[in-house]
Structures are given as C-alpha cells and as structure tokens.
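So the structure is just underneath, and the comments pick up after that.
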6 protein chains.
Amino acid sequence: MSRVAIYPGSFDPITNGHVWIIKRGLDVFDRLIVAIARNVKKTSLFDLAERQDLIRQALDGDSRVEIVSFDGLLVDYARKRGAHVILRGLRAVADFEYEFQMANMNRKLAPEVETIFMMTGEEYFYVSSALVKEVAALGGDVEDLVPKCVVGPLKRKAGAA
Amino acid sequence: MSRVAIYPGSFDPITNGHVWIIKRGLDVFDRLIVAIARNVKKTSLFDLAERQDLIRQALDGDSRVEIVSFDGLLVDYARKRGAHVILRGLRAVADFEYEFQMANMNRKLAPEVETIFMMTGEEYFYVSSALVKEVAALGGDVEDLVPKCVVGPLKRKAGAA
Amino acid sequence: MSRVAIYPGSFDPITNGHVWIIKRGLDVFDRLIVAIARNVKKTSLFDLAERQDLIRQALDGDSRVEIVSFDGLLVDYARKRGAHVILRGLRAVADFEYEFQMANMNRKLAPEVETIFMMTGEEYFYVSSALVKEVAALGGDVEDLVPKCVVGPLKRKAGAA
Amino acid sequence: MSRVAIYPGSFDPITNGHVWIIKRGLDVFDRLIVAIARNVKKTSLFDLAERQDLIRQALDGDSRVEIVSFDGLLVDYARKRGAHVILRGLRAVADFEYEFQMANMNRKLAPEVETIFMMTGEEYFYVSSALVKEVAALGGDVEDLVPKCVVGPLKRKAGAA
Amino acid sequence: MSRVAIYPGSFDPITNGHVWIIKRGLDVFDRLIVAIARNVKKTSLFDLAERQDLIRQALDGDSRVEIVSFDGLLVDYARKRGAHVILRGLRAVADFEYEFQMANMNRKLAPEVETIFMMTGEEYFYVSSALVKEVAALGGDVEDLVPKCVVGPLKRKAGAA
Amino acid sequence: MSRVAIYPGSFDPITNGHVWIIKRGLDVFDRLIVAIARNVKKTSLFDLAERQDLIRQALDGDSRVEIVSFDGLLVDYARKRGAHVILRGLRAVADFEYEFQMANMNRKLAPEVETIFMMTGEEYFYVSSALVKEVAALGGDVEDLVPKCVVGPLKRKAGAA
C-alpha cells in the first residue's frame with residue numbers, strides 16, 4: 001500500500017524552501033499531492049496555471065508528485081482523495097502558532113486526517129514566497145532563493161508589479 | 001459593592017471561546033460589560049445590531065451581563081462606566097505579544113484601569129472569529145465552535161460572502 | 001461578599017515585581033492570600049520564616065493581605081481556603097508558556113478554581129528573585145529591584161552564599 | 001515495504017500525551033519503535049525495565065510497536081535499525097525551540113534521517129512526565145493524565161520520593 | 001575612521017522609541033543615517049517631507065545624524081553609501097521573528113553588511129508608530145509616546161483620518 | 001579613537017557559533033574583549049586556562065582580540081575596562097527572552113553600557129556549547145561544529161566525562 005501526503009500552499013511562486021520540503025517529504029511518503037489553494041479573495045502574482053507550471057518545472061516532472069489545485073476546505077479535499085496526512089513545513093515561531101491553530105482546527109473538522117510537520121532546511125528557513133516577491137520587486141537577486149525556472153518569471157512579474 | 005469588568009472585542013461573531021471566557025469571568029466578577037468596539041474602518045461580517053443580538057442569545061439573557069458598544073479609546077469607556085478592570089482571554093503566544101502591548105499602552109493611558117487575563121479553555125484555544133468565518137465560508141462545520149444561535153446566521157452570511 | 005485571590009510563589013525573596021502585582025491585585029480583589037510554597041526539595045536562600053517576615057515588612061502590614069505557607073497542591077490549598085481565584089504575574093514569553101501549562105493543569109485538577117494573570121509593570125518585568133540573588137551575589141546594586149527591607153538581608157545572605 | 005519511525009523519549013513514565021502521539025503515529029507509519037534513551041547521568045523515577053513494562057501495558061501489546069532502549073546518539077541508533085524517520089510530539093513554543101535545535105543537529109549528524117512532528121492532542125498538550133510526577137508527589141489526581149496501568153505505580157513511587 | 005550605521009524604518013511618524021534607539025546608537029557609532037523607506041504601495045499618514053521634517057525637529061539638528069530616504073533594497077542603499085552596519089531596535093518576540101527573517105535575507109543579499117540590534121528602552125518597548133496613530137485617532141493622549149514636535153501634527157492628521 | 005566591545009560568555013568550549021560572532025563583530029568594532037565569566041558554582045568541562053587557550057588557537061592570535069576572564073558583574077568589568085558596548089549573539093526565541101532580561105538588568109545596573117546583538121549565522125544557529133558537549137559525549141561527530149583545535153580536546157574530555 002502506498003503512502004500519500006498532501007502538501008498544501010499558495011505557491012505564489014514555489015521557493016527553494018518548498019522544494020526542500022517536497023524532496024524530504026518524498027523520503028517519508030511514497031507520493032505527494034502538491035495542492036494549490038484556490039482563493040478568489042487573495043490576489044496572487046502568478047495565476048493558477050502559471051503556479052502549477054512552475055512547480056512542475058521545479059520538480060522536473062518527478063512522477064511521485066501530483067500537482068493539483070483545490071477550493072473549499074483542505075480536509076474535504078484530503079477526504080475526497082483518500083489522503084490521511086497533511087504535510088507542512090515549519091520555519092519559525094510565528095509559523096508555529098499559525099500552524100498549531102490550523103492543525104487543531106483541521107483535526108476538529110476531520111479527526112482521521114493527521115497533520116505532520118517538517119523543519120525547513122536551515123539555508124531556507126527565512127525564505128517565504130512573500131519575501132522573495134518583495135526582494136524581486138526591489139531589484140534584489142533571488143537566484144539562490146527560488147528554483148532556476150522561477151527566476152526569470154519572478155523578475156518580470158514582480159519588477160512590473 | 002459589586003465588581004464589574006469590561007470584556008471588549010469585535011465579536012464578529014461571538015464564538016464558544018468568548019462564551020467560555022464570559023462564563024469563567026462571572027466566577028470572578030459580579031457583572032461583566034461585554035463591549036463591542038465600533039470601528040468604522042474595519043469591515044465586519046455582522047453589523048453592530050446583529051452582533052449584539054447574537055451575544056444576547058448566546059448568553060441566554062444572563063442578567064449579570066450587559067451588552068454595549070463603544071467607540072473611542074477602551075480606557076475612556078471604562079472610565080466613563082466606572083469600571084476598573086478589563087478582562088481579556090489569552091490563547092497563544094501571538095495573542096500574548098499583542099495583549100502585552102495593549103495592556104501596557106492602556107496602563108499608560110489610564111493607570112487606574114487594570115487588565116487581567118484568563119486562559120481560554122483548551123477545547124477552544126484555537127478558535128477565533130476570523131477562523132470560524134473562514135471555515136464557514138469554505139463550507140466547513142462550525143457547530144462545535146460557535147453558539148447554536150450563531151450557526152445558521154454564520155453559514156448564511158459567510159457562505160454568501 | 002468579599003473577593004479573595006491566592007497569590008502563590010516562592011518569594012525567595014520578595015521583589016518589587018511581586019509588590020507591584022500585590023498592589024494592583026488589591027485594586028481587583030478585596031483580599032489577597034500571599035501563599036509561600038513549601039518545597040522541601042528546592043533549596044532556598046531565605047528560610048520560610050524569613051521570607052514571611054520580609055513580605056510582611058514589604059507590605060507594611062496591609063490588613064488586606066494574609067501571608068501563609070502551604071505544602072501539597074496549590075489547588076488543594078485554594079479549596080481548603082474557599083478561594084476560587086489564583087493570581088499570577090506574567091513577565092515574558094517564557095513565563096507565559098510555563099504559566100499556560102500550570103493554569104491548564106490546575107484547571108484539570110480543580111475546575112472551580114480559576115487562574116487570572118496580570119502583566120508585571122514595565123519597570124519590573126525583567127526582575128525575578130533568581131536574578132536579584134545573582135546580582136546581589138556578584139556585588140551589584142539591588143536597591144531599585146527589591147523592597148527596602150530586603151536590601152540588607154539580601155546583600156548579607158547572597159554575598160555570603 | 002513497511003514504513004518505520006522511531007519515537008524517542010525518556011518515558012519516565014509514559015503519559016497519555018505519549019500514547020496519543022503513538023496512536024496517531026500508527027495512522028501514518030506501519031510500525032513504531034518506541035526508544036527509551038538510557039541516560040546514566042539523569043536520575044529517573046522509574047528504572048528502565050519498569051518504564052518499558054509500563055509502555056507495554058499502556059499500549060496493550062500492540063504488535064506494530066516495538067519497545068527498546070538505546071544509548072549513544074539517537075541518529076546512530078536510527079541508522080543501526082535502518083529507520084529514516086524520527087517522530088516527535090510538539091506541545092508548545094518552549095518545546096518547539098528545543099525540538100528545532102535537536103532536529104537541526106540530528107540533520108547535521110545524519111542527513112538521511114528526517115525528523116517529523118505531530119501536535120499533541122489539545123487535551124494533553126500541557127501534560128509532561130515531569131509535571132505528572134510533580135502532581136503525583138503532591139497528592140494530586142493523575143488518572144486522566146497517564147494510562148491506567150501507570151496510576152498506581154506513579155502514586156507509590158512519586159509519593160515516596 | 002568614523003563608524004556609520006544605517007537606521008532604516010518608515011518613521012510614520014517618529015516615536016520616542018525611535019529617538020531612544022537613535023540616542024543609544026550614537027553611543028556606539030560616530031554617525032547614523034536615518035533612512036526612510038519610500039514605499040509607493042504602503043499608504044502613510046505623513047508624507048515623506050513631513051516625516052523627514054519631524055525626525056529633524058525631534059533630533060534637534062544633531063549633526064551626527066543624517067536623514068535620508070531611499071527606495072529599492074536597503075542593502076543596495078547601504079552599499080551605495082559605504083555603510084557596513086544596519087541598526088535595528090528590538091521590542092518583542094513578534095519583532096524578533098520578523099527581524100530574524102530580514103537579517104538573514106539581508107545577509108544573503110549582502111554578506112558584507114551586518115545587522116545589529118539594540119533593545120528598545122523598557123518605557124517604550126510597547127510603542128510603535130501604528131499604535132500611536134491608533135491611539136491618536138481615538139483621541140488618546142500621545143504626549144509621552146512621541147517627541148513634542150510630533151504631538152500636534154499627529155493629533156491633527158490622525159484625528160482627521 | 002578605537003571602538004571596543006566586550007563579548008562575554010562561558011566558552012566551555014568555544015564553538016563555531018562563537019567564532020562566527022567574533023569575526024562579524026570585528027567588522028563592526030576595532031577590538032573585541034572576549035571575556036570568560038569565572039563562575040565558581042558552575043562546573044565546567046574545560047578549566048579556565050584551557051578555555052582561554054582554545055579561544056586563542058581558534059582565533060589564530062588575531063591581535064584585535066583580547067582574551068580575558070572576569071568575576072563579579074559583567075557591567076563592573078566593562079566599566080573597569082572603559083568599554084561601553086557588550087556584544088551578544090542571538091540564536092532563537094529562548095535566547096531572546098534570556099538576553100532581553102539580562103540586557104534590561106545590565107542597563108539598570110550601568111546605563112552607560114549598551115548591549116548590542118548580532119544574529120548567529122544560519123549554519124550555526126542551533127549550535128551551543130552544551131549541545132556540542134552532549135553530542136561529543138555520545139560519540140557524535142563535532143568537526144563542523146567547533147574549531148579544529150577544539151575537536152580533539154572535546155572528544156577526550158567529553159568522552160571521558
């Protein structure tokens with residue numbers, strides 16, 4: 001029986017921190033479902049198709065990873081897919097508080113779905129999508145922070161934003 | 001002489017966490033003034049009259065609780081009412097930092113008004129108005145998170161939002 | 001009916017931070033029971049009688065404050081005294097975590113006893129008994145950190161330690 | 001291929017918080033190795049054989065769980081057993097900091113071993129072995145905090161301590 | 001050779017907390033460059049010229065302080081000025097997390113520029129520009145929170161906002 | 001006029017984290033006084049002479065660094081040396097709380113001495129003397145965690161401990 005975990009997020013865009021968690025996650029699980037939350041209210045820099053495409057390029061078509069999008073509750077999507085594990089990366093205390101709240105809420109909504117956490121690698125623990133967009137918008141170098149395939153699109157989009 | 005405390009908040013809408021603090025607060029104080037902050041800049045899901053009404057229903061007309069709204073500084077309202085105690089619920093570290101800042105500011109503005117804190121019950125410490133609105137908007141079950149009287153209105157309002 | 005709260009601690013020795021909480025606590029409660037935890041395992045600088053004596057002097061015989069010692073569980077002592085409120089001072093995040101754990105445990109052990117918290121005044125929020133003993137032992141000036149009556153005994157005891 | 005995770009700790013004694021993590025961990029992994037750290041410097045209330053025996057009783061002989069003890073580095077033991085995952089429970093911010101440090105150190109020492117975290121259930125997130133021993137020593141009721149089989153031995157040992 | 005540090009911020013408006021850090025910073029560095037971040041996206045209460053003017057008045061023309069504005073990355077501005085030190089004030093844990101992230105990002109972007117931190121004085125550690133604007137908007141007294149020259153303009157602007 | 005900062009600690013033994021702070025500190029200050037706290041109560045793995053010697057070797061005789069030991073209060077030693085700056089490394093939230101308390105206490109004891117903080121490099125932010133001693137005692141590899149000259153002595157001392 002193969003083990004599947006859902007790795008949810010906005011991925012606007014995917015960063016090296018995300019890639020790190022996905023790679024380590026594949027040491028623990030057989031397959032990962034990278035699930036982009038569709039959120040009509042939140043404005044994103046990259047549209048859904050672009051975000052999916054960048055993830056695909058960044059992961060170089062690893063067949064153990066499925067890239068999807070979902071709306072509604074994450075736990076409802078997990079149930080629909082028959083997945084019992086949500087994977088989340090932890091970076092710092094602020095993350096921890098938010099993740100603690102969400103993990104408890106999700107457990108309340110779907111007790112059979114478990115959230116597990118992995119610590120983001122030390123070289124990426126300060127990297128977030130929001131911060132790389134800010135750096136790119138100000139003309140900073142993001143080459144070590146995001147996958148190669150993201151550098152160009154990020155510079156174009158963020159610079160023009 | 002009866003002891004009065006002010007329990008301020010947005011209550012948009014009242015949650016089981018709020019109810020928990022109010023009930024425990026009434027073990028410590030004779031009367032509570034539940035004070036809804038009117039904030040013209042912040043958009044709310046429920047209007048002021050609705051929020052007051054839901055609190056009233058949730059507390060089942062407990063005569064020891066007065067439900068009011070105020071604008072301006074909380075400490076000015078406390079002074080006007082002759083109340084010397086502000087009651088706040090604490091949930092997590094993020095809360096603590098914010099509450100710490102506000103308690104110190106309020107102490108600076110009105111040294112004779114004291115802020116006291118109670119820990120939210122373990123079963124509700126991850127429950128906030130913002131989170132229950134988000135869950136309801138995504139079609140999740142909020143029945144254990146808010147008072148019975150809030151469930152229907154919350155589903156209608158948040159779902160339509 | 002008068003309101004009583006128990007203010008527990010080691011008070012080895014009483015600091016200005018403790019005095020601050022006691023004074024503010026008396027704005028909220030009619031009477032306070034300052035309760036020194038007897039702990040045979042923990043070595044203290046001042047013995048029980050000395051600690052009680054220093055608290056008494058520091059509070060200048062305020063008749064609203066009763067100074068006692070107890071062993072066993074704090075909540076059992078609270079029950080025996082018919083007190084429904086435990087008062088604790090909060091200083092910082094580290095405090096908060098410990099206090100959060102204790103408040104939850106005490107609530108589990110005695111649901112009818114409530115723990116409430118007050119923020120220590122900004123001028124004392126870094127002052128603990130442990131730290132003032134360390135400063136005194138190294139020859140530092142503790143005059144603004146502890147009540148006048150504690151300065152001499154602390155210098156003698158800590159310096160000799 | 002079966003998935004194995006190591007769940008290390010002192011288990012002095014096993015609490016309901018530990019049991020909770022083990023049960024949820026078995027929803028994610030096929031087998032768990034509960035690994036008691038032998039630490040000659042740290043004094044324990046229960047000796048190694050007693051701790052192992054209490055874990056066994058608490059888990060009711062679940063054949064998916066192996067109970068062992070180890071000395072030396074945890075990652076060396078993980079390597080020897082061919083386990084690539086360390087499972088840890090998270091309770092609060094203080095935990096988080098310590099676990100963050102240990103996870104990073106273990107990753108440095110053995111990059112192929114991953115640490116994953118699960119949040120302890122809300123009803124046990126304030127329960128630690130140290131705290132239940134303290135409560136038991138003071139005559140408090142520990143029946144909801146530890147497995148049934150631990151209650152008697154804990155009362156006898158801690159009470160006499 | 002004179003030591004220069006850059007002290008960046010929004011300064012919308014300058015508070016007593018900022019003044020405190022600047023004064024203490026001048027005990028460590030020969031000169032400070034107070035650098036206002038121009039951010040076209042963030043709406044400010046005071047425009048750039050007003051903010052510069054208020055800082056100038058608050059510091060009473062101290063010739064060791066240069067007041068500038070910059071856009072783009074802070075580290076790029078630091079490089080352009082030949083400054084190797086960024087000075088930041090720390091107030092609380094929430095600050096710390098954010099500052100930790102920014103310090104690491106800036107170190108990545110410009111390894112030769114170092115960020116150093118000073119703790120804001122205890123009497124101002126709860127004072128932020130955002131909070132003083134909120135207090136002023138609600139009619140509260142801000143005289144102890146901001147420099148004298150800021151009180152009038154803040155009341156006019158925030159009251160009208 | 002040359003700028004001097006005191007960098008105090010136990011240095012039992014010096015780690016790569018300490019070396020990192022010293023090197024970065026020398027980008028900000030002309031000279032550093034590495035000051036080993038003599039603490040007769042705390043048992044150390046390395047004696048004072050050994051600790052000084054290891055620091056000296058690790059810094060390769062950098063003439064801008066003076067290695068000393070002191071007893072009594074740190075701020076008294078700073079005053080005696082005419083140093084106005086204490087330099088401290090920050091690693092994580094737990095550190096921050098402790099450092100916050102000490103910085104405030106030292107400011108109280110010696111207002112003219114300022115404490116400044118630098119963030120430890122990401123690759124060492126989980127490295128402490130206590131942890132490297134623990135790892136070495138359990139036979140773990142410490143070569144990337146401490147200076148080369150410390151590896152052998154640490155293995156011998158900690159292994160035998």
Side-chain angles (χ1 to χ4, degrees), chain B residues 6 8-12 33 35-44 48 68-81 83-84 86 88-117 119 125-126 128 130, chain E residues 10 12-13 15-21 42-45 88-102 117 119-148 150-151 154-161:
Chain B
I6 292 189
S10 296
F11 302 101
D12 182 40
I33 299 172
I36 309 174
R38 283 200 294 268
N39 191 332
V40 290
K41 286 186 199 158
K42 218 170 142 188
T43 55
S44 62
L48 198 58
V68 302
S69 68
F70 72 100
D71 46 24
L73 287 174
L74 172 59
V75 290
D76 286 341
Y77 181 73
R79 276 171 166 160
K80 214 170 65 186
R81 294 298 308 268
H84 294 290
I86 294 167
R88 297 285 294 164
L90 276 180
R91 284 175 311 192
V93 165
D95 263 18
F96 174 74
E97 291 301 322
Y98 175 77
E99 296 292 339
F100 193 44
Q101 191 187 32
M102 291 308 299
N104 277 285
M105 180 58 89
N106 283 335
R107 192 179 274 165
K108 174 79 192 166
L109 294 168
E112 79 283 10
V113 178
E114 190 52 54
T115 305
I116 71 160
F117 300 92
M119 301 272 178
F125 74 89
Y126 60 92
S128 66
Chain E
S10 295
D12 182 39
T15 69
N16 283 346
H18 296 128
V19 174
W20 200 98
I21 293 287
K42 221 170 141 188
T43 54
S44 63
L45 187 64
R88 299 284 294 163
L90 277 179
R91 284 173 313 190
V93 165
D95 264 17
F96 175 73
E97 291 301 323
Y98 175 77
E99 296 293 339
F100 193 42
Q101 192 187 33
M102 291 310 296
F117 300 92
M119 301 274 177
T120 304
E122 67 195 45
E123 62 273 47
Y124 301 123
F125 73 89
Y126 60 91
V127 177
S128 66
S129 294
L131 193 54
V132 297
K133 283 185 280 191
E134 197 183 317
V135 168
L138 297 173
D141 181 1
V142 293
E143 284 180 30
D144 291 344
L145 309 174
V146 294
K148 269 212 176 76
V150 176
V151 174
L154 178 56
K155 280 184 179 168
R156 277 193 299 279
K157 288 248 179 185

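Proteins come first, then strands; the chains are lettered A, B, ... in the order of their sequence lines, and each starts at number 1. Note that the coordinates shown come from a computational prediction; the quantities given were computed from them, not determined experimentally.
Residues that satisfy the side-chain contact (heavy atoms from CB on, under 4.5 Å) test with E/Ser128, not counting sequence neighbours, are B/Gln101, E/Arg91, E/Ala130, E/Leu131. Remark: B/Ala37 pairs with B/Phe70 by the side-chain contact (heavy atoms from CB on, under 4.5 Å) rule, at least two apart or across chains.
Atom-to-atom distance recorded for B/Asn104:CG and E/Glu122:CD is 10.5 Å, nearest 0.5 angstrom.
Considering only heavy-atom pairs separated by less than 4.5 Å from chain B, the leading option among E/Asp141, E/Leu138, E/Val142 is E/Leu138.
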Check step by step if side chain to side chain contact (heavy atoms under 4.5 Å, CB included) holds for E/Leu145 and B/Lys108. CA-CA 9 Å; E/Leu145 309 174; B/Lys108 174 79 192 166; 4.2 Å; yes
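With a threshold of 4.5 angstrom between heavy atoms, B/Leu109 approaches chain E through side-chain atoms but not through N, CA, C or O.
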